[in-house]
Amino acid sequence: MKQQTLQDIFSNYIQTPTTIFKNKDVLSPDYIPEITIHRDEQIKQIASILSPILRGLKVSNIFLFGKTGTGKTVCAKQVATELEKNSKKVKVIYLNCKMKRVSDTEYRILAELSRSFGKTVPPTGLPTDEIYRIFYKCIELENKSIILILDEIDALVKKIGDGILYNLTRINQDLKNSKISLIGISNDTTFTENLDPRVKSSLSEEEILFPPYNASQIKDILEQRSLDAINTGCLEQGVITKCAAFAAQEHGDARKALDLLRIAAETAEREGSLKVLIKHVDKAEEKLDLDRTVEIVKTQPKQSLAVLAATIKLVEAGRKNIQTGDIFEVYQQISTNTGLKNLTQRRVSDLIGELDMLGIINTRVISKGRYGRTREIRLLLSKQIVEKIKKVLIENYLL
DNA sequence: GTCAATTCACATGAAAGAGACCACGGTCTAGTG
DNA sequence: CTAGACCGTGGTCTCTTTCATGTGAATTGACGA
């Protein structure tokens, strides 16, 4: 009898998992799954375009576009690494252009690329044509067919223009031993329209569109991933459906769905629950928004924060129709009080634009006829987020 | 009443400056054999 | 003789200013019906 109960305890322990996560990494945005579902068509296309590389032929450059979280990166990486496995003459370089400290300048991109060939390059100080030379040399010495995946290529072009793309697409003409093929990935569908026509034609020799997932596809993806990520029996019925529904609302972003599931599971775990419940998903949804915004705010430079502080001050004072000029006035007070340098209106105008881009504030350029043209600035954040932001600002002595 | 001109309050662009950072090569200095 | 410190030079990067130009509709004022 005694033995029996002991056995029970053990088997109980074995059967009911003590943690929710089996493997958390599977839900992280960087994870590349073995099989990608609902993207067979695209994978096939990419593969058939790239496969001549196995015979050492030059293959077309590919341009992949579609909204965030539609599987562009995953598919590209998957095909490329598979090719790399199949041939010793293929090398894949993946570069996310949106990563800070990488995409800011032409120099840094090339330095980063050269580094991926194992070359040590100083972070700054060399002339740009020097770094070009180093890069050429790296490729030439490698003696391989190179697939260069440039993720978030639109961010790159926005920052430093398309000159570098032009050079990269033409680089093959000067290479003897190696070949280089580009895979550009962008989530801005209108991106190619503003490119130099020469770059455009050579970059998008082949274009592949990644349509957004619908709710049921996201659900499939989540189900498949959660098999590896989360222990069986730890998900309440409907959790996955809910995550999928949330994400489908926002243009079918699978990445967001995975984030939601991960954070929901984390929340559940923190609360000591052994099951992810629907309410955890709701909480995760809130937290995702909050975290993102606060994180962005935290990383802003002081001047930007001062402008944000001015905006919040005006909003809290109940002002409607806030204009650039109003913000500039309050900003000047704040910056004087805190011993910050006073920037010109021109610069403040730019900072407002940047805050808008980041989604922290909301602006609209309106013309008020006789009374000029200006930005109308609004704050569309929830109270909770504003409170958090205020905390950050107070920490910086700006409020 | 209609219509073109005017006007406002910035937006937006371009260029250039300031000050920080960094690599590199040359020179100096102190330590070692 | 050599390793390391130090300096000047030449380059990039980021933030900023200065100057210049653009913009869209309310307002104005001339004009004609």
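These numbers come from a predicted model, not from an experiment. In what follows, chains carry the letters A, B, and so on, assigned in the order in which the sequence lines appear, proteins first and then strands, with residues in each chain numbered from 1.
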Item to check | Contact state string [nucleotides 21-29 of chain C, B base, S sugar-phosphate only, - no protein heavy atom under 4.0 Å] | outcome: -BBBBBSS-
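Two residues are said to be in side-chain contact when any heavy atoms from C-beta on lie closer than 4.5 Å; A:Tyr331 and A:Leu343 meet this criterion. Within the 4.5 Å cutoff, the side chain of A:Asn61 has no heavy atoms near those of the A:Ile183 side chain.
At whole-Å resolution of the value, CD in A:Glu112 and P in C:dT12 are 19 Å apart. Across the protein-nucleic acid pair, A:Gln303 atom CD and C:dC15 atom P stand 11 Å apart, rounded to whole Å. Put simply, CD on A:Glu354 is 13 Å from P on B:dA11, counting in whole angstrom units. Remark: P of B:dC8 and CD1 of A:Ile366 are 18 Å apart, rounded to the nearest angstrom. Taking atom CG of residue A:Asp350 and atom P of nucleotide C:dT14, one finds them 16 Å apart after rounding to whole Å. In this structure, CD1 of A:Ile134 is placed 13 Å from P of C:dT12, rounded to the nearest angstrom.
Under 4.0 angstrom from either OP1 or OP2 of B:dC10 there lies no side-chain N or O belonging to A:Ser349.
Partners of A:Thr36 by side chain to side chain donor-acceptor pair (under 3.5 Å), not counting sequence neighbours, listed by chain and number: A:Gln78.
Side-chain contact annotation: A:Asn143 with A:Ser178, donor-acceptor N/O pair under 3.5 Å absent.
Look at A:Arg347 and A:Glu354 and you find a salt bridge, because one of the NZ, NE, NH1 or NH2 atoms lies within 4.0 Å of a carboxylate O, short of that distance. The pair A:Asp259-A:Arg262 meets the salt-bridge criterion, with a side-chain N (NZ, NE, NH1 or NH2) lying under 4.0 Å from an Asp/Glu carboxylate O. Ion pairing of A:Lys391 with A:Glu395 is absent here, as no side-chain N (NZ or NE/NH1/NH2) approaches a carboxylate O to less than 4.0 Å. Note on A:Lys283 versus A:Glu286: no salt bridge recorded, every NZ/NE/NH1/NH2 to OD/OE distance being 4.0 Å or above.
Residue A:Ile230 forms a side-chain contact (heavy atoms from CB on, under 4.5 Å) with just one option from A:Leu27, A:Asn23, A:Val26, and that option is A:Leu27. The only option from A:Arg375, A:Lys313, A:Arg319 that meets the salt bridge (charged side-chain N to carboxylate O under 4.0 Å, His left out) definition with A:Asp326 turns out to be A:Arg319. Under the side-chain contact (heavy atoms from CB on, under 4.5 Å) rule, A:Leu222 has a single partner from A:Leu261, A:Leu260, A:Leu235, which is A:Leu261.
Within residues 329-348 of chain A, the residues that place at least one heavy atom under 4.0 Å from DNA chain C are, in residue-number order, A:Lys341, A:Asn342, A:Leu343, A:Thr344, A:Arg346, A:Arg347. For DNA chain C, no neighbouring residue in residues 312-328 of chain A is found when judged by any heavy atom under 4.0 Å.
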Under 3.5 Å between N/O atoms: give me all the protein pairs with nucleotides 16-18 of chain B, atom names plus distance.
none

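Counting only distance, with no hydrogens or angles, the side chain of A:Ser51 and the backbone of A:Ser48 share a donor-acceptor pair below 3.5 Å.
For residues 44-66 of chain A, the set of pairs meeting the salt bridge (charged side-chain N to carboxylate O under 4.0 Å, His left out) definition, not counting sequence neighbours, is empty.
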